[in-house]
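In what follows, a single structure is set out as structure tokens and then discussed.
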Protein chains: 2
Amino acid sequence: MTSMDRPFSRVLDRLKDAGLRPTRQRLALAKLLAEAGDCHMTAEQLHAQSQGAGIRVSLATVYNTLHQFTEAGILREIVVDAGRSYFDTNVSDHHHFFFEDSSQLQDIDGASVTISSLPQAPEGTSVKRVDVVIRVKQD
Amino acid sequence: MTSMDRPFSRVLDRLKDAGLRPTRQRLALAKLLAEAGDCHMTAEQLHAQSQGAGIRVSLATVYNTLHQFTEAGILREIVVDAGRSYFDTNVSDHHHFFFEDSSQLQDIDGASVTISSLPQAPEGTSVKRVDVVIRVKQD
DNA sequence: ATAGTTGCAAAAGTTTTGCATTGTA
DNA sequence: TACAATGCAAAACTTTTGCAACTAT
């Protein structure tokens, strides 16, 4: 996989498809996310990185942008920890280890988890996603 | 199952085992949770119910108590929604549907979900719990 | 008495919203 | 110019913490 294949290299197209203007802030945040590679980032972390890179953007805008990217399918939001959202740059089929001691996430390839039986979605609803979180602790 | 078998009927023993004193607030909150039966309650909801029942207790104490009960194994904390924790009175082996439209949880019996392959826990860690959340949306 | 516990006001976080500003056609 | 979209300050939430008050020996 070359860097050209990474989701964020197509970010301009993605933003266009989602009806989002390619503003300075969005492009800068998308670039940071692309450079970070596969990762699980909080809004706070991305905001800090932005400041470090000399990009002036408010935390509110970071949140709004992360949610817009999530809507557009460029990111996936993961909630495993009370009062903190993670945004995952890996949007392919996969699951997560959650290290409760350090509050860190680690990807598990989708092929490593086999769910051989699941109940049907309740009448009138359809499954949007199945999340498997393996919570682990230091011995 | 009679009401005497429900976890909260043993709350006095449970509190004792956990080294928690049976204070007025704890007993009142435990009683409300027991009466509610199997449910997924937020701290805010439990606090509202307490007020409704004429129990004077602060929201902070509700949070502290819910966490203490969770530590004691009387409750399980479920995090599926950004910025909101649910406390589940059902601590048996089970999973959840999450209705994204209404932010409601519904139990799935453990036997209804079969995971036939899972990766090993990373070196030096052990699995504390495997959470499966089926996210559904209204058609 | 006193050592340990508890409950809550106040503080600390996180996330969302309202609206002036900006950008586009 | 008009119209919609954007970015951020301020507001709204949720959750945690520090410490005065309380409890059980």
Side-chain angles (χ1 to χ4, degrees), chain A residues 11-12 14-32 40-51 53-72 74-87 100 103 105, chain B residues 11-12 14-32 40-51 53-72 74-87 100 103 105:
Chain A
V11 76
L12 264 165
R14 299 292 210 113
L15 291 181
K16 209 169 161 188
D17 292 347
L20 295 171
R21 294 182 191 163
T23 63
R24 177 196 306 284
Q25 284 88 341
R26 285 188 185 141
L27 289 172
L29 293 177
K31 189 157 175 285
L32 283 175
H40 310 92
M41 189 122 46
T42 65
E44 189 63 55
Q45 285 168 353
L46 185 57
H47 185 239
Q49 287 205 10
S50 305
Q51 305 291 72
I55 300 157
R56 287 207 318 285
V57 60
S58 74
L59 182 57
T61 296
V62 172
Y63 270 102
N64 289 339
T65 303
L66 287 171
H67 284 134
Q68 288 154 352
F69 285 4
T70 301
E71 279 291 305
I74 305 172
L75 291 175
R76 175 189 294 187
E77 187 173 359
I78 312 284
V79 185
V80 281
D81 203 3
R84 179 183 279 143
S85 285
Y86 293 85
F87 292 86
E100 298 198 331
S103 290
L105 284 165
Chain B
V11 76
L12 265 165
R14 298 293 210 113
L15 291 181
K16 208 170 163 189
D17 292 347
L20 295 171
R21 293 181 191 166
T23 62
R24 175 195 306 284
Q25 283 88 341
R26 284 187 186 145
L27 288 173
L29 294 177
K31 189 155 173 286
L32 282 176
H40 309 92
M41 190 124 43
T42 63
E44 188 63 53
Q45 285 168 354
L46 185 57
H47 184 239
Q49 288 205 9
S50 306
Q51 306 290 74
I55 300 156
R56 285 205 321 286
V57 59
S58 74
L59 183 56
T61 295
V62 172
Y63 269 102
N64 289 340
T65 303
L66 286 172
H67 284 134
Q68 287 156 354
F69 285 4
T70 301
E71 279 291 306
I74 304 172
L75 291 176
R76 176 190 293 187
E77 187 173 359
I78 312 283
V79 185
V80 282
D81 204 4
R84 179 183 279 144
S85 284
Y86 294 84
F87 292 86
E100 299 199 331
S103 290
L105 284 164

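Proteins come first, then strands; the chains are lettered A, B, ... in the order of their sequence lines, and each starts at number 1. Just so you know, these numbers come straight off a predicted model, no measurement behind them.
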Exercise for review: Give the rounded distance in Å between these two atoms: CZ of B/R26 and P of D/dT23.
Suggested key: 13 Å
Review point. For B/L15 and D/dA24, what is the distance between atoms CG and P respectively, to the nearest whole Å?
Key: 14 Å
Review point. For nucleotides 14-24 of chain C, read 5' to 3', which letter fits each nucleotide if B means a protein heavy atom sits under 4.0 Å from the base, S means only the sugar-phosphate is that close, and - means neither?
Key: SBBB-------
Check your understanding: What is the distance from CD of A/Q68 to P of D/dA4, rounded to the nearest Å?
Key -> 18 Å
**Study point:** Pairing residues for B/D17 by the side-chain contact (heavy atoms from CB on, under 4.5 Å) criterion, not counting sequence neighbours
**Key:** none
**Study point:** Ring centre gap for B/Y63 and B/H47 strictly below 6.0 Å
**Key:** no
Practice item. Round to a whole Å and report the spacing from CD of B/E71 to P of C/dT5. Key: 15 Å
Exercise for review: To the nearest Å, give me how far apart CZ (B/R56) and P (D/dC22) are.
Suggested key: 13 Å
Check your understanding: Can you tell me if A/Q45 uses its side chain to pair, donor with acceptor, with the backbone of A/T42 under 3.5 Å?
Key -> yes
Exercise for review: Would you indicate, yes or no, if D/dG7 has its OP1 or OP2 atom less than 4.0 angstrom from a side-chain nitrogen or oxygen of A/T23?
Suggested key: yes
Review point. Quick one: does A/R26's side chain have a donor or acceptor within less than 3.5 Å of a partner on A/R21's backbone?
Key: yes
Check your understanding: Do the side-chain N and O atoms of A/E77 and A/S85 include a donor-acceptor pair separated by under 3.5 angstrom?
Key -> yes
Point to revise | Separation of atom CD in B/Q45 from atom P in D/dT15, rounded to whole Å | key: 11 Å
Check your understanding: Does B/T61 use its side chain to pair, donor to acceptor, with the backbone of B/V57 at less than 3.5 Å?
Key -> no
Exercise for review: Figure out the CG/C1' separation between A/D81 and D/dT16, and round it to whole Å.
Suggested key: 13 Å
Exercise for review: Give the rounded distance in Å between these two atoms: CZ of B/R24 and C1' of D/dT23.
Suggested key: 13 Å
